[in-house]
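Here is the structure we will look at, set down as structure tokens.
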Amino acid sequence: MVERTLAIIKPDAVKKQVVGDVIQRYETAGLHPIAMKMMSLSKPIAEGFYAVHSERPFFHELTAFMSSGPSVVIVLEGENAIQANRDLMGATDPQKAEPGTIRAVHGASIEANAVHGSDSPETARFEIGYFFPGMDLQSGC
Ligand code: IDP
Ligand code: MG
């Protein structure tokens with residue numbers, strides 16, 4: 001099934017200048033960017049995005065990190081895009097991520113782990129609407 005998912009190239013990966021490499025990996029995996037913008041998330045925007053984690057002990061640190069510099073926010077479209085992108089990203093902790101995954105290659109720590117990817121159709125719908133509200137996104141496939 002063709003799906004859409006939200007990806008974020010996080011501030012650590014933008015600082016490392018690996019935006020091009022990460023986008024290349026999406027495209028090689030058949031995940032087509034259909035909307036994309038570079039933006040610096042404010043702390044409140046990062047808090048709203050990660051609201052599901054608001055009770056977690058790392059919430060303040062995480063949202064401070066996510067608002068520490070520019071990110072690239074991308075809607076990816078492709079076959080089973082949500083799971084395909086999770087597989088491409090690897091585990092949350094780069095040290096536990098499969099070799100060759102984006103987080104294994106570019107992630108620095110469990111927090112500064114290079115990329116975000118939606119984890120379900122419900123979160124994908126919420127996250128795409130959060131960053132691209134009211135947009136009638138055209139298919140790139
Ligand atoms: P995910 O990004 O693999 O879906 P989540 O559990 O949804 O992982 O956590 C969201 C983000 O919060 C992670 O990508 C990472 O940046 C950060 N994070 C997760 N666990 C920890 C932790 O134990 N300490 C610090 N930051 C964490
Ligand atoms: Mg998650």
Open item on the list: Can you tell me how the ring of H116 sits relative to the ring of Y50, calling it parallel under 30°, perpendicular over 60° and tilted otherwise?
Closed with: perpendicular

Open item on the list: Please find the pair of heavy atoms, one from A124 and one from S118, that lie closest to each other, and give the distance.
Closed with: CA-OG, 3.5 Å

- [ ] Please confirm whether the backbone N or O of R125 pairs with a side-chain atom of Y130, one donor and one acceptor, at under 3.5 Å?
- [x] no

Open item on the list: Quick check on side chain to side chain contact (heavy atoms under 4.5 Å, CB included): which of V115, L76, D119 does N85 satisfy it with?
Closed with: L76

TODO: Give, for atom CZ of R4 and atom OG of S139, the distance between the pair rounded to the nearest 0.5 Å.
DONE: 6.0 Å

Task: E27 side chain near P33 side chain, heavy-atom distance below 4.5 Å - done: yes

Open item on the list: To the nearest 0.5 Å, what is the distance between OG on S71 and CD1 on I8?
Closed with: 6.0 Å

Task: Electrostatic pair R25-D21, nearest N-O below 4.0 angstrom - done: yes

Task: Heavy-atom closest pair, residues A91 and A97 - done: N-CB, 3.6 Å

Task: Inter-residue atom distance K10.NZ - L41.CG, 0.5 Å rounding - done: 11.0 Å

- [ ] Answer yes or no: are there more than 12 heavy-atom neighbours, outside H53 itself, under 6.0 Å from its atom NE2?
- [x] yes

TODO: Look at atom NZ of K43 and say whether more than 12 heavy atoms of other residues, nucleotides or ligands are closer to it than 6.0 Å.
DONE: yes

Task: Whether over 12 other heavy atoms sit under 6.0 Å from Q17 CD - done: no

- [ ] Check whether the side chains of S54 and E47 place a donor and an acceptor atom closer than 3.5 Å, and report yes or no.
- [x] no

Task: Exercise: identify the closest heavy-atom pair between P99 and A104 - done: CA-CB, 4.2 Å

Open item on the list: Would you say that E3 contacts E77 through its side chain, given a criterion of any heavy-atom pair below 4.5 Å between the two side chains?
Closed with: no

Task: M66-V52 co-clustered via ILVMFWY side chain contacts under 4.5 Å - done: no

- [ ] Verify whether the ring centers belonging to Y26 and H32 lie closer than 6.0 Å.
- [x] no

Open item on the list: Within the structure provided, determine whether L6 and F132 are in side-chain contact (heavy-atom separation under 4.5 Å).
Closed with: yes

TODO: Rounded to the nearest 0.5 Å, what's the gap from CG on N113 to CZ on R103? Could you check?
DONE: 4.0 Å

Task: Cluster link V105 to L31, ILVMFWY, side chain under 4.5 Å - done: no

- [ ] Can you see which heavy atom on L88 is nearest to which on A29, and at what distance?
- [x] CD2-CB, 3.9 Å

TODO: State plainly whether one hydrophobic cluster holds both V14 and M36, where clusters connect Ile, Leu, Val, Met, Phe, Trp and Tyr through side-chain heavy atoms under 4.5 angstrom apart.
DONE: yes

Open item on the list: Quick check for you: to the nearest 0.5 Å, what is the distance between N80 atom CG and R86 atom CZ?
Closed with: 15.0 Å

Task: Side chains of I82 and S120 in contact at under 4.5 Å (non-hydrogen atoms) - done: no

Open item on the list: Do V18 and M89 land in one hydrophobic cluster if side-chain heavy atoms of ILVMFWY residues count as linked below 4.5 Å?
Closed with: yes

Open item on the list: For a quick test of reading the model, state the closest non-hydrogen atom pair linking S42 to S67 and the distance between them.
Closed with: C-CB, 3.7 Å

Open item on the list: Is the ring pair F49/F131 parallel, tilted or perpendicular, if the boundaries are 30 and 60 degrees?
Closed with: tilted

TODO: Check whether any side-chain N or O of K16 sits under 3.5 Å from a backbone N or O of H106 as a donor-acceptor pair, and report yes or no.
DONE: yes

Task: Shared hydrophobic cluster for V2 and I74 (ILVMFWY, side-chain gaps under 4.5 Å) - done: no

Open item on the list: As an exercise, state the distance from OG1 of T92 to CD1 of I110, rounded to the nearest 0.5 Å.
Closed with: 6.5 Å

Open item on the list: For A108 versus P94, what's the shortest heavy-atom pair and its separation?
Closed with: N-CG, 4.2 Å

